[in-house]
A.B. asks: 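This is the structure I want to talk about, given as structure tokens.
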Amino acid sequence: MSWIREGELNFFQKLTASVLKEGPIPKHVAFIMDGNRRFAQKNNLEREEGHMQGFNKLAETLRWCKHLNIQEVTVYAFSIENFKRTKDEVEGLMELARQKFVRLLEEMDKLESHGVCIRVLGDLNMLPLDLQQLIAESVVRTRNHNKCFLNVCFAYTSRHEIANAIREMAWGVEKGLIRPSDVSEALLSECLYTNNSPNPDLLIRTSGEVRLSDFLLWQTSHSCVVFQSVLWPEYSFWNFCQAIIEYQLNHSSIQRARELHQERQALAQLEAERACVAQQMQHHGNGKPADTQRQQEALQQYIVCREERVQDFLEALKHKRDSFFKDLCSQVS
Ligand code: FPP
Ligand code: MG
């Protein structure tokens, strides 16, 4: 089964989609695709078949997203916790991923014509080398596509991602690229695997479980979270519409909460910068108070220098990450 499903919606689906599109549509939707094994058990199928049908449902969901003008989708395909499943199941999921990334590389024309950029987010070092290479090739070959984005979280948990982002900032400090005082919420966000994406507007978990299971914890503090009881392989267009309606009903309060958070974050940043500048001036002025104009100038200068430092650090980080993928690709060719 292909990643890209062509084809129109049926008449009723089209009609519903056009009504929904009169309201706010999420730009970025995240899915915890849960319930594959229960689906298999319910239908007397092998567990692998449940995961395979889970993948097919993902391809179908991406088609609905396209028709609803949703440009970005993030899915939880394999959690670091999933490594604790039986050897058989883990190997089965790795094999499924292998097959699907091989298929993806064969479908490059389709991905190009639809402008699909594939990103894989997670600690790829935990995966078999051949799978790392397939993933790296898929990521590198689609990285300039910019019409829609599919982020596949693989060997991922949110806590691992946050700990990794903190390590990256510590690396920046150690290399002298940034100062400890440059560490902020905003900088941490830039160091996450998701740094290229806006936060999800809507997070959907299927199968009736009402937990986040360590998925996008940092990114979803102002997202609409919808739990649905349907098992992932049975997820329907109508289930998806229901989740979008839930988002639309909560849209204005979510927007307000986001704006408030942004204002507070900007204010906190400015206060931190003022405190740094005051400390510097006290140090250089032997404790004498500086006039307001000098304080203002020093603050402006501090902000410019900090922004330059942070930009250089982020460039270095990007280079490090790009090299990781390029090295994997060059091992193949
Ligand atoms: C959760 O259901 C699902 C998974 C752990 C795997 C999800 C993977 C896919 C849908 C395939 C995606 C593959 C690629 C390459 C993108 P579960 O196994 O926890 O089922 P249960 O909740 O019924 O036990
Ligand atoms: Mg599960």
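In each ligand, atom 1 is the first atom listed, and ligand 1 is the first ligand listed. Keep in mind it's a predicted model, so treat the numbers as computed, not measured.
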A.B. asks: If you draw a 6.0 Å radius around CD in Glu112, do more than 12 non-hydrogen atoms from other residues or ligands fall strictly inside?
C.D. replies: no
A.B. asks: Output side-chain donor-acceptor pairs under 3.5 Å for residues 270-281, partner residues at least two apart or in another chain, one line each.
C.D. replies:
residue	atom	partner	partner atom	Å
Glu273	OE2	Gln269	NE2	3.4
Glu273	OE2	Arg306	NE	2.6
Glu273	OE2	Arg306	NH2	2.4

A.B. asks: Are there any protein N/O/S atoms under 2.8 Å from the Mg ion (ligand 2), and if so, which?
C.D. replies: Asp34 OD1
A.B. asks: Please report whether the ring centroid of Phe240 lies less than 6.0 Å from that of Phe31.
C.D. replies: yes
A.B. asks: Looking only at heavy atoms, which two atoms of Leu328 and Gln132 are closest? And how far apart?
C.D. replies: CD2-OE1, 3.7 Å
A.B. asks: Measure and list all N/O to N/O distances between ligand 1 and the protein that fall under 3.5 angstrom.
C.D. replies:
residue	atom	partner	partner atom	Å
ligand 1	2 (O)	Asp34	OD1	3.4
ligand 1	2 (O)	Gly35	N	3.3
ligand 1	2 (O)	Asn36	N	3.3
ligand 1	18 (O)	Arg37	NE	3.4
ligand 1	18 (O)	Arg85	NH1	2.7
ligand 1	19 (O)	Asp34	OD1	3.0
ligand 1	19 (O)	Arg85	NH2	2.8
ligand 1	20 (O)	Asn36	N	3.2
ligand 1	20 (O)	Arg37	N	3.0
ligand 1	22 (O)	Asp34	OD1	2.7
ligand 1	22 (O)	Gly35	N	3.4
ligand 1	22 (O)	Arg38	NH2	2.8
ligand 1	23 (O)	Arg37	N	3.3
ligand 1	23 (O)	Arg38	N	2.8
ligand 1	23 (O)	Arg38	NE	3.0
ligand 1	24 (O)	Arg37	NE	2.8
ligand 1	24 (O)	Arg37	NH2	3.1

A.B. asks: Identify whether the distance between the nearest side-chain nitrogen and carboxylate oxygen of Asp322 and Lys326 falls below 4.0 Å.
C.D. replies: no
A.B. asks: Which ring pair (Phe, Tyr, Trp, His ring centres under 6.0 Å) pairs, counting each pair once, include a residue from residues 98-119, with sequence neighbours left out?
C.D. replies: Trp3-Phe101
A.B. asks: If two hydrophobic side chains count as joined below 4.5 Å and joins carry through other members, does Trp64 share a cluster with Leu231?
C.D. replies: no
A.B. asks: Taking C-beta and beyond as the side chain, do Ile244 and Gln248 meet within less than 4.5 Å on heavy atoms?
C.D. replies: yes
A.B. asks: So, for His251 and Tyr247, is the gap between ring centers shorter than 6.0 Å?
C.D. replies: yes
